[in-house]
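No experiment lies behind these values; they were computed from the predicted model shown.
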Amino acid sequence: MTDMIKKAEAWARSFFDTDSTGHDWFHTDRVRKMALTIAGEEGADLYVTEMTALLHDIADDKFYSSEKEGERVVRRWLHEQKVQQKEIILSNIASVSFSSGETPETLEGKIVQDADRLEAIGAIGIARCFMYAGAAGDPMYDPDIKVRSEMSKKEYRTGKSTAVNHFYEKLLKLSCKMNTNTGRNLAKERHRFLESFLGEFFDEWDGRK
């Protein structure tokens, strides 16, 4: 199993080598480390947790021309490598992302979803939010662009927004969507940091500081 983890790690490293959206190898590695920390606290299968974490973004449809292409790419790799528990890993991956609107069925999937969501809040989450907005051509903030409340997956991916609006459309909602007690506890301080940042941001934006 150690060899398979190394193969998955090598693939993820190469896949995200040139990423500039905040979904680079370092993001994957942090999700892996956080997921393993949570898995240790929650008594989950470490192998399934780590494999799910390493491969979760490789299947993400934002990197492909069709929604199912990423799943096919990961499925083919898992089959070629004769990966144990591949169907569980694939099922986890398919439901981890925020845009899927789903909660994974397994504890391991829930843990990786928590770890991925923790990456979207706190200091790192703020940095990644602005990085992704820049890559997508969205402005930092524009008062004339309103926060979207109801969105289809397509609208979430391609609709016009701003980095600051994304806080209200996604980031501030994540702390109450954690699946595990460990995830909920870790999310509290990161959520407070988001709120503190927004307070400072709007004070500076309005010229009050």
Side-chain angles (χ1 to χ4, degrees), residues 16 18-38 41-42 53 56-57 60-63 96-104 110-209:
F16 295 112
T18 59
D19 180 84
S20 60
T21 70
H23 296 82
D24 53 18
W25 158 249
F26 299 107
H27 161 66
T28 295
D29 191 38
R30 288 192 302 270
V31 171
R32 181 252 297 265
K33 291 173 180 175
M34 179 60 72
L36 288 174
T37 296
I38 298 172
E41 293 292 325
E42 300 288 335
H56 80 282
D57 265 346
D60 197 306
D61 60 18
K62 72 169 67 72
F63 300 116
V96 160
S97 73
F98 179 80
S99 63
S100 74
E102 299 179 19
T103 300
K110 289 181 172 72
I111 285 169
V112 175
Q113 188 174 69
D114 280 2
D116 194 39
R117 288 175 172 177
L118 285 164
E119 264 285 288
I121 57 179
I124 290 290
I126 291 170
R128 293 180 65 234
C129 176
F130 283 92
M131 190 175 183
Y132 187 80
D138 288 337
M140 175 177 69
Y141 179 58
D142 182 341
D144 293 328
I145 300 176
K146 303 305 179 185
V147 174
R148 300 168 296 174
S149 56
E150 298 293 333
M151 292 175 283
S152 66
K153 187 172 182 178
K154 182 178 180 180
E155 288 168 338
Y156 173 74
R157 286 276 193 242
T158 63
K160 188 66 175 177
S161 190
T162 74
V164 170
N165 284 11
H166 194 60
F167 281 67
Y168 299 97
E169 293 169 353
K170 175 184 176 180
L171 308 190
L172 291 168
K173 300 177 180 180
L174 295 179
S175 65
C176 64
K177 290 182 178 290
M178 294 293 162
N179 301 299
T180 65
N181 287 331
T182 307
R184 282 187 284 274
N185 289 333
L186 290 168
K188 290 176 182 177
E189 182 57 37
R190 295 191 186 206
H191 182 85
R192 283 193 289 268
F193 192 84
L194 293 182
E195 295 177 321
S196 175
F197 173 83
L198 285 171
E200 179 70 19
F201 179 90
F202 285 116
D203 279 348
E204 294 182 16
W205 181 272
D206 291 336
R208 292 195 293 263
K209 281 192 174 181

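Looking at residues two or more places apart in sequence or on another chain, you find no side-chain hydrogen bond (donor to acceptor under 3.5 Å, both in side chains) involving Glu41. Residues passing the salt bridge (Lys or Arg N to Asp or Glu O under 4.0 Å) test with Lys33, sequence neighbours excluded: Asp29. When the side-chain contact (heavy atoms from CB on, under 4.5 Å) test is applied to Met34, the partners found at least two apart in sequence or on another chain are Ile38, Ala115, Leu118, Leu186, Arg190. Residues satisfying the salt bridge (Lys or Arg N to Asp or Glu O under 4.0 Å) test with Asp24, not counting sequence neighbours, are none. Residues passing the salt bridge (Lys or Arg N to Asp or Glu O under 4.0 Å) test with Arg30, sequence neighbours excluded: Glu119. His191 meets the ring-ring contact (aromatic ring centres under 6.0 Å, His included) test with no other residue; sequence neighbours excluded. In this structure, the side-chain contact (heavy atoms from CB on, under 4.5 Å) partners of Ala133, at least two apart in sequence or on a different chain, are Asp138, Ala163. Considering only residues two or more places apart in sequence or on other chains, Glu195 meets the salt bridge (Lys or Arg N to Asp or Glu O under 4.0 Å) condition with none of them. Residues passing the side-chain contact (heavy atoms from CB on, under 4.5 Å) test with Thr37, sequence neighbours excluded: none. Residues meeting the ring-ring contact (aromatic ring centres under 6.0 Å, His included) test with Phe202, sequence neighbours left out: Tyr141. The side-chain contact (heavy atoms from CB on, under 4.5 Å) test applied to Asn185 returns Lys188, not counting sequence neighbours. Among residues two or more places apart in sequence or in another chain, the ring-ring contact (aromatic ring centres under 6.0 Å, His included) test is passed with Trp25 by none.
Looking only at distances, no side-chain donor or acceptor of Arg148 sits under 3.5 Å from a matching main-chain atom of Glu169. Judged purely by atom type and a 3.5 angstrom limit, Gln113 has no side-chain atom pairing as donor or acceptor with the backbone of Met178. Using a distance-only test at 3.5 Å, with no hydrogens or angles considered, a donor-acceptor pair links the side chain of Lys110 to the main chain of Pro104.
Nearest heavy-atom pair, Lys173 versus Ser149, reported as atom, atom and distance to 0.1 Å: NZ-O, 4.5 Å. Heavy atoms only, all atoms of each residue included: Gly22 and Arg128 are closest at O-NE, 2.6 Å.
The distance between the ring centers of His23 and His56 does not fall below 6.0 angstrom.
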Apply side chain to side chain donor-acceptor pair (under 3.5 Å) to Asp114 and Thr180, showing your working. CA-CA 7 Å; Asp114 280 2; Thr180 65; 2.7 Å; yes

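Between Phe167 and Phe197, the two ring planes are parallel [angle under 30°; tilted spans 30° to 60°].
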